[in-house]
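Heads up: the structure comes next, in structure tokens.
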Amino acid sequence: MKLFEDLPPMDHLRSEDMSLVQIIIPVESAHRAVSYLGELGLLQLKDVRNPNPVDLIVFAFDSHRGSCSVFWLVTPATKMETKRFLLNEDKSPFQRTFVNQVKRCGEMSRKLRFFGDQISKAGITASPCPASQQVIDLEELEVRSSEHEAELLEMNANSEKLRQTYNELLEFKLVLLKAGGFLVAAQNHAVPPETELVENIYSKKDDESVFLLEQSVQPESSSKAGLRFISGIICKSKELTFERMLFRATRGNMFFNQAPAGEQVMDPVSGEMVEKTVFVVFFSGEQAKNKILKICQAFGASCYPVPEENSKQMQLTREVSLRLSDLEATLDAGNRHRNKALASIASQLWNWIIMVKKEKGVYDTLNMLNFDVTKKCLVGEGWCPTFAKPQIKEALEHATIHSNSQVGIIFHDMDSFESPPTYFRTNRFTHAFQEIVDAYGVARYQEANPAVYSVITFPFLFAVMFGDWGHGLCLLLGSLILILHEKKLGSQKLGSFMEMAFGGRYVVLLMALFSIYCGLIYNEFFSVPFHIFGTSAYKCRDSSCSDAHTTGLIKYRDPYPFGVDPRWRGSRSELPFLNSVKMKMSILLGVSQMNLGILLSYFDAKFHGSSLDIRYQFMPQMIFLNSLFGYLALLIVIKWCTGSQADLYHVMIYMFLEPTGDLGENQLFWGQKELQILLLLMAIVAVPWMLFPKPFILRKLHTERFQGRTYGILGTSEMDLDHDPDSARRQHHEDFNFSEVFVHQMIHSIEFVLGAVSNTASYLRLWALSLAHSELSTVFYEKLLLLAWGYDSVIIRIAGLAVFAFATAFILLMMETLSAFLHALRLHWVEFMGKFYHGDGYKFKPFSFKLLADEEN
Amino acid sequence: MYGFEALTFNIHGGYLEAIVRGHRSGLLTAADYNNLCQCETLDDVKMHLSATEYGPYLQNEPSPLHTTTIVEKCTLKLVDEYKHMLCQATEPLSTFLEYITYGYMIDNVVLIVTGTLHERDVQELLEKCHPLGMFDSIATLAVAQNMRELYRLVLVDTPLAPYFSECITSEDLDDMNIEIMRNTLYKAYLEDFYNFCQKLGGATAEIMSDLLAFEADRRAVNITINSIGTELTRDDRRKLYSNFGLLYPYGHEELALCEDIDQVRGAMEKYPPYQSIFAKISYGESQMLDKAFYEEEVKRLCLAFEQQFHYAVFFAYMRLREQEIRNLMWISECVAQNQKSRIHDSVVFIF
């Protein structure tokens, strides 16, 4: 243990040292100070007003009491007395100090969203971040955005009006074209022309109805009763029900004729193109006309008059077409104008959005601060990393100077009983590994951080399962592409899958490097062995053994220098040999990783000065694991070194069943039996050792601590500690519940003892997945590629190659990568981290503009 | 199915039940109402609602806000949720969900018909309709002149058609007729819904029959109170009562005879579940009766969530959300008209 004492402090192993600080800001410099803090992004302010939502509900219920309490707070750092005024009744969000500013920001971001909508609807893709960023302040932005909004709304209204007119004309034209055809067909049916009369109905809202009226009045035809018609246009989807309704309303006394309009018309509300149908209804009678008109109105069908005579139709069509082209030009001009306005907004929009977001963030943070009693200062508390204190101080000083405030900002430490947040400084390389660990649970404050070890162990365990240097090269290529385009990819939005791959690019890089390494050891390149490190140690006994088996091979030189001899491939003893190697290797890796986990629990206990945990938890655990599975690992190593034929299963099983029995041919070294008995005894002793002493000692300590104290703590009416909303300063009275502690210890011990067996077995997945991977790739190689190559046809060969490439890419490179990744994850989360990691901390979330900007984009 | 619905319920209904329970937990809480009651302007209301599930629906509304906008957007949320559930539902849940909307349909039909009778613009009327009760040809209702035409032209296509069998007359439409039509339709609808739920069996039947019986009884009381002093005869009145519920049949006999509100009270107090409602209001008062009924209903609806594996949660959720929107409407009206002291008059808290 002396060795461990002299080790240098392991900074990376623990999260940053945090301090609880209080800042008192004069009102005039508050905004600037908070925005500087946001730039810095190293301070997490606590919501002083709103401790937690549960309290809020409680307050809501007894709000009628409305009592408030004043208390004095002496801060130890400055010995300064700060008078604080706390309303017992919690304020709802809209009663906070800066609510109006927050509302203004909300309103502005609404406008900006509106612009964004319009821009994306218009399909403009302006350069999002032009270099020329003119600095405008918020007031100016507010004015400008309102101006732009009004302008846009007006333009929209105008273009909508125009569009409506345009639509009506277009519909009219379509009706003229189609319905004219019906009428001509009807006239040709030798009906005397005077019985067919035209009723002209005008859509009342048209501005140009006057114009149409002049064109299409046919005085001679509307005087007589008889068959009349109404023509119009309706949405295709409504046409069937419309016809049915007409039929019912007129009791079948009508004739309905329809034809698809041929052209799509834009729906003015949704802006979508809609299929329409032109119809002509023939009917008789005034009452029927009223009914039909009402139905038309109800179905949103627009009716247009069509003159009967061909010549007039032609004339009208011409007129309408003329006006249509006019309108089109106007519409286009309007659109161009609008697009220009939108483009000018689009170039700035991104900056504006960021600006408003920052501003809103500042006010939201300001709302978390409390006014002191004089209403001249804002008081807030928060967490910051200890190393960042000078930076924060500097930023606050700048804020004081820049805002010409006469009073400085007070910034000082406070005592805290609450557990601080966990903050790891990561870089782009370690970030992904830290994320893997955080996904299991955020480390407790200053707890040993497994991410440090995961950087190497995680990719390595992955590679053990994914050992193939061909596949490794493919992965390496992929990760290198991601890393080389890091700058470009990092700035743009990626799909969810790409996002994941990009986030873990350095993990993939290491995974690829290690799988190349393991692949070289396994000597597999897409399952094909290569003679890289010299020639094989085996050769054929005679010339006839081309499809060699072990019996046909003789060893004629030194072992193959690195990794698996290529001659093993395809031999009858290939599988038994590789299985034995990989299985034993898995156990060695597992035992060492679990030992590392337990060692880390020692460092944790030492860091927190808990000798109890070292003596009654770490030591028995170490002894238990190593006397059973550490011994197994030792046997494996000895067997490898001596080349003994001993059966390790037999040794391990009979170590329990018959410790004193004769080992016979399974004896590996002198004194093995005595050692086994000793180890077994140690393991048996270790179990009660980790189970009983700790809870009893805890109880003893507890009773000793409270022996002298027979009196309770006095509570004062002014300062009710339990209702103090500043939970950081709240005293924790630990209730010691012996049965709870004991049961907890029991669970812990049982879990460890059973876990030692099951976790070691769990590491065998390294072997299983590695076997599966190599078998799968062998199958693809031999049964697909070689089979196809056997045929003397180019097409079959190409097809075989394509299927092989597909299978390799999707099954081996994607599915297998995922499964190996998941198994490596499990080995870390359960087998490794389960030994020491608590993971019940919470993350440090500083108020930072950078995070705000990243949040949604 | 009887007693064993728990075994198989989740095959089809599990996902949606989870969804609806999730929606239910999004209902405004006591703290929300407490905060809403302290609002000074409608902007405050919006700001508070933006932190709740209504947020996405209100965030793009420009600032001078109106009560109608708030209500419209909140209703839109309900409709979106309903449509989502309907899309996912399989038989018989989809039919059950459709049954829920028939009530809104009846209201819409009555609204349009009354509107056209008083020569309102159809478009304007359509905007006032509840979006859940919309059907394709609803605008055509304006064409009809009398009940027979109404049925023959429009309603024959809708699910309401079977309910019309009792009220097809050739009389011209007037206010009285329409009101009778509404109640006849509603009676037929409730009975049909009741029978449908009985057919489903299991917990659904048990809970829904309780909820629907309450609904039917409430309608019976309302019909009685509203028809006092009108020319509606006792027999006609009796015909409008649904043929199930706690009051059926003896309570109906008594209600049919009532001449003033105190007689109604006397008739109702014989039924223990309704005693507590009438105990809350003083003699001769009918204003607070609505609120008392609503409160009782909300209580019963909340209880529906206590049991699992049945469809009544969907019905209950829709009703609760509707009540919440009513509350929001009342609160925003009070806030807008600066009558904050009256907020508690009509808000029914849902917890």
Side-chain angles (χ1 to χ4, degrees), chain A residues 50 53-64 89-96 99-100 102-114 116-117 146 149-150 153 235 237-238 240-242 244-251 287-288 290-301, chain B residues 28-52 55-56 58-65 112 115-116 119 121-123 125-126 135-145 148-158 335 344 349 351:
Chain A
N50 186 4
V54 183
D55 286 3
L56 189 117
I57 294 168
V58 174
F59 286 137
F61 275 121
D62 61 10
S63 62
H64 61 274
E89 177 190 61
D90 200 73
K91 293 200 170 183
S92 41
F94 46 85
Q95 285 170 327
R96 295 189 171 211
V99 64
N100 282 326
V102 171
K103 264 195 229 164
R104 258 174 60 194
C105 291
E107 179 68 18
M108 252 186 285
S109 49
R110 183 192 67 73
K111 279 175 195 159
L112 294 179
R113 270 199 304 274
F114 172 69
D117 261 11
S146 328
E149 195 196 14
L153 281 178
C235 267
S237 53
K238 287 187 189 166
L240 257 177
T241 37
F242 179 62
R244 195 160 56 217
M245 192 60 61
L246 285 175
F247 186 84
R248 280 195 205 130
T250 56
R251 300 172 188 246
Q287 223 178 4
N290 281 340
K291 269 187 189 165
I292 290 176
L293 278 182
K294 261 190 183 169
I295 291 173
C296 285
Q297 201 193 346
F299 273 85
Chain B
L28 298 181
T29 60
D32 288 325
Y33 278 114
N34 191 48
N35 283 335
L36 281 172
C37 292
Q38 294 173 26
C39 288
E40 298 290 337
T41 63
L42 284 184
D43 275 342
D44 289 342
V45 175
K46 174 187 163 189
M47 186 170 156
H48 185 80
L49 286 181
S50 67
T52 65
L58 282 172
Q59 68 172 2
N60 281 339
E61 287 311 304
S63 210
L65 215 56
I112 300 254
T116 19
E119 298 185 344
D121 182 30
V122 183
Q123 222 52 43
L125 289 171
L126 281 180
F135 47 93
D136 270 348
S137 43
I138 190 164
T140 336
L141 285 171
V143 181
Q145 297 295 323
R148 191 177 291 281
E149 254 185 352
L150 201 65
Y151 173 71
R152 208 172 48 76
L153 277 183
V154 190
L155 294 175
V156 69
D157 279 342
T158 65
V335 169
H344 288 277
F349 293 106
F351 305 123

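Since the model is a prediction, treat every value here as computed from it, not as a measurement. Numbers restart at 1 for each chain; the letters A, B, ... are given by sequence-line order, proteins then strands.
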Measure across Arg113(A) and Gln59(B) and return the closest heavy-atom pair with its distance rounded to 0.1 Å. NH2-O, 3.0 Å

Separation between OG (Ser50(B)) and NZ (Lys103(A)), nearest 0.5 Å, reads 10.5 Å

Nearest 0.5 Å please: distance from the CD atom of Glu61(B) over to the CD atom of Glu107(A). 10.5 Å

Looking at Lys238(A), Glu149(A), Arg244(A), which makes the most heavy-atom pairs under 4.5 Å with chain B? Arg244(A)

Using a cut-off of under 4.5 Å for heavy-atom pairs, which of Lys291(A), Lys294(A), Met245(A) has the most such pairs with chain B? Met245(A)

Going by side chain to side chain donor-acceptor pair (under 3.5 Å), name the residues that satisfy it together with Ser146(A), two or more places apart in sequence or in a different chain. Lys111(A)

Can you tell me which portion of Thr41(B) sits under 4.5 Å from chain A's heavy atoms? Options are side chain, backbone, both or neither. side chain

